[in-house]
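Below: one structure, written as structure tokens.
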2 protein chains.
Amino acid sequence: MGELTKIRVTKAKTRAKPVDKAVLPLGQILSGDCVTEMRKLPDASVDLVFADPPYNLQLGGDLNRPDGSHVDAVTDDWDQFDSFAIYDKFTRDWLTECKRVLKPDGALWVIGSYHNIYRVGAILQDLGFWILNDVVWRKTNPMPNFRGTRFTNAHETLLWCSQGEKSRYHFNYRAMKTLNDELQMRSDWIFPICSGGERLKDDTGHKAHPTQKPEALLYRVLLATTEAGDVVLDPFFGTGTTGAVAKRLGRDWIGCEREADYRKVASARIEKELPLDESALATMQSRKTQPRVAFGAVVEAGLLKPGTEIFDKKRRWTATVRADGSVECGKETGSIHGVGKVLQDAPSCNGWTFWHYEADGPNGEKLVQPIDAARGLYLLAAED
Amino acid sequence: MGELTKIRVTKAKTRAKPVDKAVLPLGQILSGDCVTEMRKLPDASVDLVFADPPYNLQLGGDLNRPDGSHVDAVTDDWDQFDSFAIYDKFTRDWLTECKRVLKPDGALWVIGSYHNIYRVGAILQDLGFWILNDVVWRKTNPMPNFRGTRFTNAHETLLWCSQGEKSRYHFNYRAMKTLNDELQMRSDWIFPICSGGERLKDDTGHKAHPTQKPEALLYRVLLATTEAGDVVLDPFFGTGTTGAVAKRLGRDWIGCEREADYRKVASARIEKELPLDESALATMQSRKTQPRVAFGAVVEAGLLKPGTEIFDKKRRWTATVRADGSVECGKETGSIHGVGKVLQDAPSCNGWTFWHYEADGPNGEKLVQPIDAARGLYLLAAED
DNA sequence: CGGCCTCATGAATCCTCAC
DNA sequence: AGTGAGGATTCATGAGGCC
């Protein structure tokens with residue numbers, strides 16, 4: 001190794017950290033209607049919202065018509081148009097509060113079925129949310145259609161949205177790719193429904209919540225779109241799957257839940273949850289989040305000496321490294337990227353992977369490597 | 001789980017038969033805007049609408065693959081809308097006409113992506129359509145996300161709707177179950193995108209239409225929700241996949257298409273299409289009532305001897321048939337379906353078509369066939 | 001003719017930082 | 001806020017050529 005001492009690298013993109021996490025009710029289940037409870041939270045204070053809203057108006061409880069009149073779910077005889085209008089207002093209300101409490105670069109997930117997801121999707125677009133993906137949860141073991149009148153309803157839909165078209169949402173691309181055996185994670189996810197030991201029971205042995213979601217689903221959502229230390233809000237907390245997985249993954253969480261029974265089950269559940277330790281939490285990092293290195297610094301450090309010949313993989317072109325980190329290939333001179341781009345007549349070029357050099361192998365043999373390998377050595381040295 | 005409103009399930013009786021098919025422009029591509037053209041059709045005259053409207057993609061700048069090649073995007077005029085409001089009005093207009101021309105017991109299919117399907121879904125609910133299922137077309141070979149910024153957009157969504165909550169829509173439950181090897185057909189369908197020989201080209205060898213749908217998709221839609229002799233309307237006919245499959249399956253069809261180029265390609269395509277003859281259709285229908293065959297019975301009958309090696313089409317895996325009709329592949333043992341499913345890590349597997357064997361051809365040569373062929377022989381023998 | 005390699009391409013809301 | 005440069009990023013499939 002060379003005489004690499006302290007090397008300064010430019011800092012990787014750091015995400016805006018919450019300025020007021022201390023004032024947030026972290027790790028608490030707020031008891032009440034989610035709109036009321038969210039109104040108590042400050043603007044732009046939450047990194048992620050995960051919402052599993054009810055689509056059954058009876059579960060919705062105290063709902064008012066757009067004209068303000070109260071709806072009695074049991075006795076009122078409303079038609080489907082009334083019910084859509086009421087559901088839409090309910091949806092607009094909670095989504096509006098979510099938008100306010102989310103940070104500018106925060107994101108929203110909503111899960112639903114065909115009964116409600118088209119209402120929700122259209123309304124969140126109207127509110128300015130920008131859909132990044134719709135994700136399909138394909139159930140390995142859905143409930144069959146007992147009457148044989150339709151297709152087995154074997155999936156639910158999740159919407160992943162940023163605050164707007166231009167917002168800089170967070171996506172752990174590498175972690176997802178690693179999770180999917182080095183193939184890009186697709187928009188269809190396969191999980192079994194929540195059952196067996198994971199399914200929470202009440203004192204009488206009945207399921208504690210009718211629509212408990214599998215932890216694997218939340219695990220993937222949080223791993224894909226949050227970092228450790230982020231604040232995750234779940235306005236329809238239920239039995240606290242979001243909180244349990246957030247705690248395990250070292251994310252902070254806030255829940256809203258109106259039903260005391262659910263709050264009780266959720267609290268006990270999350271209490272038992274143990275956070276993973278730091279090494280287990282480590283995930284594959286994207287190049288994008290690694291510090292940026294100038295090619296000149298690699299030359300300066302002696303890892304690629306001026307005068308070294310570099311060439312593309314097929315040796316169509318050969319260029320010479322110059323002392324200032326520029327390269328020369330015939331009449332073309334400039335950065336490793338710029339010259340590679342011009343030579344190939346391409347819209348862009350990553351010089352780090354385009355250019356190669358001959359390095360010494362472990363047994364003294366010659367080894368052709370992308371110059372990115374030299375950057376790797378540089379970064380390794382910089383860690384000390 | 002509940003529904004948005006009370007469900008009333010009515011028993012299907014006999015379907016209203018078309019009274020005025022003769023006055024309809026059957027087998028014609030109406031040249032013009034679909035709303036204008038549909039207005040010329042009588043009320044309640046169509047059994048099924050299949051609609052593939054513009055998706056309102058709202059693409060930004062150019063996109064290149066990592067190798068620098070340019071992605072041919074959908075930038076056609078017909079997909080340009082200035083706002084959600086304009087797209088919504090467009091959607092409301094064509095859906096309104098569809099609702100009028102559909103028979104009371106008719107049904108509507110719409111296909112879309114996350115860009116437009118939430119608008120479409122909410123609007124069709126507002127118009128009184130009743131969603132029966134949302135179906136996910138899971139693409140085996142979607143275009144990747146080249147920049148690593150989102151999940152691979154690997155699916156599109158179809159909505160299947162009746163005229164209203166109480167309408168008596170048509171569903172060929174048995175045919176779907178048979179097609180899915182005696183398991184209820186699920187709401188997620190797996191098909192490759194339309195490519196290869198099926199993809200229509202123009203005179204210059206360029207794709208004739210940017211968004212041609214696979215015939216397999218239409219085949220399943222029409223088989224599931226129409227009968228021979230039904231009238232199928234496609235308001236966004238494009239290159240006529242709906243018409244081609246309808247003709248093949250003995251359904252009548254009407255298309256609307258504004259672009260002369262598309263109409264020309266579609267006409268030529270459908271002209272060449274041959275309807276399945278009556279015996280083929282009858283064979284297909286008789287399959288519905290064919291008894292379920294256990295793989296074990298085929299083995300028992302000596303059509304596939306225990307010890308026979310079976311393998312998938314690409315010979316990635318080889319398994320051995322055992323006496324009880326289970327199969328063994330390395331550590332995995334179980335049914336032809338179960339083992340195939342585990343090996344592929346798929347949600348399900350039709351072992352009859354997944355596994356193959358070497359059979360003796362008519363001239364003594366070796367012939368690779370799906371084991372479904374052995375099932376066919378078994379059934380043939382059972383008829384006697 | 002088969003095996004292997006290369007190349008083209010598909011409904012896509014596809015970057016980020018410093019100056 | 002606009003601009004320019006750095007540099008990160010792809011999977012399945014079919015067609016065609018080469019040996």
Side-chain angles (χ1 to χ4, degrees), chain A residues 10-14 125 130-134 161-162 164-166 168-169 171 173-174 177 180-187 286-296 314 325 334-338 340-341 346-355 371-372 375, chain B residues 52-76 78-79 81 84 111-117 137 139-157 192-199 201 205-207 209-214 236 238 314:
Chain A
T10 55
K11 215 160 165 208
K13 179 189 88 173
T14 53
Q125 286 182 314
W130 191 251
I131 299 179
L132 298 166
N133 277 116
D134 57 349
C161 321
S162 66
E165 182 176 357
K166 302 271 185 267
R168 298 181 181 183
Y169 58 91
F171 181 50
Y173 175 75
R174 277 295 314 170
K177 191 168 174 177
N180 196 38
D181 200 25
E182 291 306 315
L183 286 180
Q184 284 191 343
M185 186 67 79
R186 299 166 44 111
S187 58
S286 163
R287 277 270 177 69
K288 291 174 194 165
T289 61
Q290 289 179 359
R292 179 175 284 213
V293 178
F295 181 63
K314 294 186 179 170
S335 73
I336 49 172
H337 316 295
K341 174 176 150 172
S348 70
C349 168
N350 182 346
W352 292 109
T353 51
F354 176 71
W355 294 109
I371 59 175
D372 197 32
R375 174 166 63 166
Chain B
D52 182 9
Y55 286 7
N56 189 21
L57 239 33
Q58 303 178 256
L59 300 178
D62 281 356
L63 180 64
N64 294 295
R65 298 185 181 79
D67 65 7
S69 63
H70 184 253
V71 175
D72 185 16
V74 179
T75 51
D76 305 70
W78 49 255
D79 197 38
F81 298 86
F84 278 137
I111 182 167
S113 67
Y114 67 84
H115 310 85
N116 71 326
I117 201 68
W137 166 28
K139 303 178 184 183
T140 56
N141 49 350
M143 181 158 40
N145 181 292
F146 297 117
R147 307 301 293 262
T149 56
R150 304 181 181 189
F151 300 100
T152 307
N153 190 11
H155 73 276
E156 295 189 23
T157 301
I193 59 175
C194 181
S195 66
E198 190 186 326
R199 190 77 193 223
K201 306 288 194 297
H206 190 254
K207 61 188 173 191
H209 193 283
T211 70
Q212 187 184 339
K213 296 292 176 290
F236 306 96
K314 294 188 179 168

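Note on naming: letters A, B, ... go to the chains in the order of the sequence lines (proteins, then strands), and numbering restarts at 1 for each one. Bear in mind that the values here come from a model prediction, so they are computed numbers and not experimental data.
- Between the CG atom of B:Asn141 and the CD1 atom of B:Ile193 there is a distance of 4.5 Å, given to the nearest 0.5 Å.
- Distance check, rounded to the nearest 0.5 Å: CZ of A:Arg186 to CG of B:Asn145 gives 13.0 Å.
- What separates CG of A:Asp372 from C1' of D:dG7 is a distance of 10 Å, to the nearest Å.
- Secondary-structure annotation of DNA chain D gives the stems C:2-10 with D:11-19, C:15-19 with D:2-6, with a stem taken as at least 3 successive Watson-Crick or G-U pairs whose two distances both fall under 3.5 Å.
- Contact annotation: A:Lys288 side-chain N/O to D:dT9 OP1/OP2 distance is not under 4.0 Å.
- Across all their heavy atoms, B:Ala154 and A:Ser187 have their closest contact at N-OG, 2.8 Å.
- Spacing between atom CZ of B:Phe151 and atom C1' of D:dT9 amounts to 17 Å, rounded to whole angstrom units.
- Counting to the nearest Å, the P atom of D:dT10 and the CG atom of A:Asn350 are 12 Å from each other.
- Side-chain atoms of A:Thr353 and base atoms of D:dA8 include no donor and acceptor less than 3.5 Å apart.
- A distance of about 15 Å separates the C1' atoms of C:dC1 and D:dG16, rounded to the whole Å.
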Annotated protein contacts, base or backbone, on nucleotides 2-13 of chain C with a non-hydrogen cut-off under 4.0 Å, one of B, S, - each: -------BBBBB

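- Here, D:dA8 and C:dA18 have their P atoms 15 Å apart, quoted to the whole Å.
- Between the P atom of D:dC11 and the CD atom of A:Glu182 lies a distance of 9 Å, rounded to the nearest Å.
- Ring geometry for B:His209 against B:Trp78 counts as parallel: the plane angle stays under 30°, on a 0 to 90° scale with 60° as the upper cut.
- For the pair A:Trp352 (side chain) and A:Arg375 (backbone), a donor-acceptor distance under 3.5 Å is absent.
- Here the CZ-CD1 distance, from A:Phe295 to A:Ile371, works out to 4.5 Å after rounding to the nearest 0.5 Å.
- When the shell of 6.0 Å around CG of B:Asp67 is examined, it contains more than 12 heavy atoms from other residues, nucleotides or ligands.
- Comparing the P positions of C:dC14 and D:dA12 gives a spacing of 23 Å, expressed to the nearest Å.
- Taking CZ of B:Phe81 as the reference point, atom CD of B:Gln58 lies at 10.5 Å (rounded to 0.5 Å).
- Between the CZ atom of A:Phe354 and the C1' atom of D:dG7 there is a distance of 14 Å, rounded to whole Å.
- Distances shown here put a side-chain N or O of A:His337 below 4.0 Å from the OP1 or OP2 atom of D:dG7.
- When each of A:Leu183 and A:Gly351 is assigned the nucleotide of DNA chain D with its nearest heavy atom, A:Gly351 is the one assigned upstream, toward the 5' end.
- In this structure, the separation between OG on B:Ser113 and CG on A:Asn133 is 11.0 Å, given to the nearest 0.5 Å.
- Residue B:Phe151 holds its CZ atom at 7.0 Å from CE of A:Met185, rounded to the nearest 0.5 Å.
- Separating the CD atom of A:Gln184 from the P atom of D:dA8 is a distance of 17 Å, rounded to the nearest angstrom.
- Nucleic acid contact for B:Thr140: sugar-phosphate only, since backbone atoms but no base atoms lie under 4.0 Å from a heavy atom of the residue.
- Residue pairs meeting the salt bridge (Lys or Arg N to Asp or Glu O under 4.0 Å) criterion with at least one member in residues 139-156 of chain B, sequence neighbours excluded, are B:Lys139-B:Glu156.
- The gap from the C1' atom of C:dT13 to that of D:dG4 amounts to 24 Å, rounded to the nearest Å.
- The shortest distance between the side-chain N/O atoms of B:Arg147 and the OP1/OP2 oxygens of C:dC15 is below 4.0 Å.
- Look at CZ on A:Arg174: it is 8 Å from P on D:dT9, rounded to the nearest Å.
- Side-chain nitrogen and oxygen atoms of A:Arg375 include at least one within less than 4.0 Å of the OP1 or OP2 phosphate oxygen of D:dA8.
- For the P atoms, the distance from C:dA11 to D:dT9 is 25 Å, rounded to whole Å.
- Residue A:Tyr169 contributes atom OH, which lies 8 Å from atom P of C:dC15 at whole-angstrom precision.
- Look at C:dT13: its glycosidic torsion is within 90° of 0, and that puts it in the syn range.
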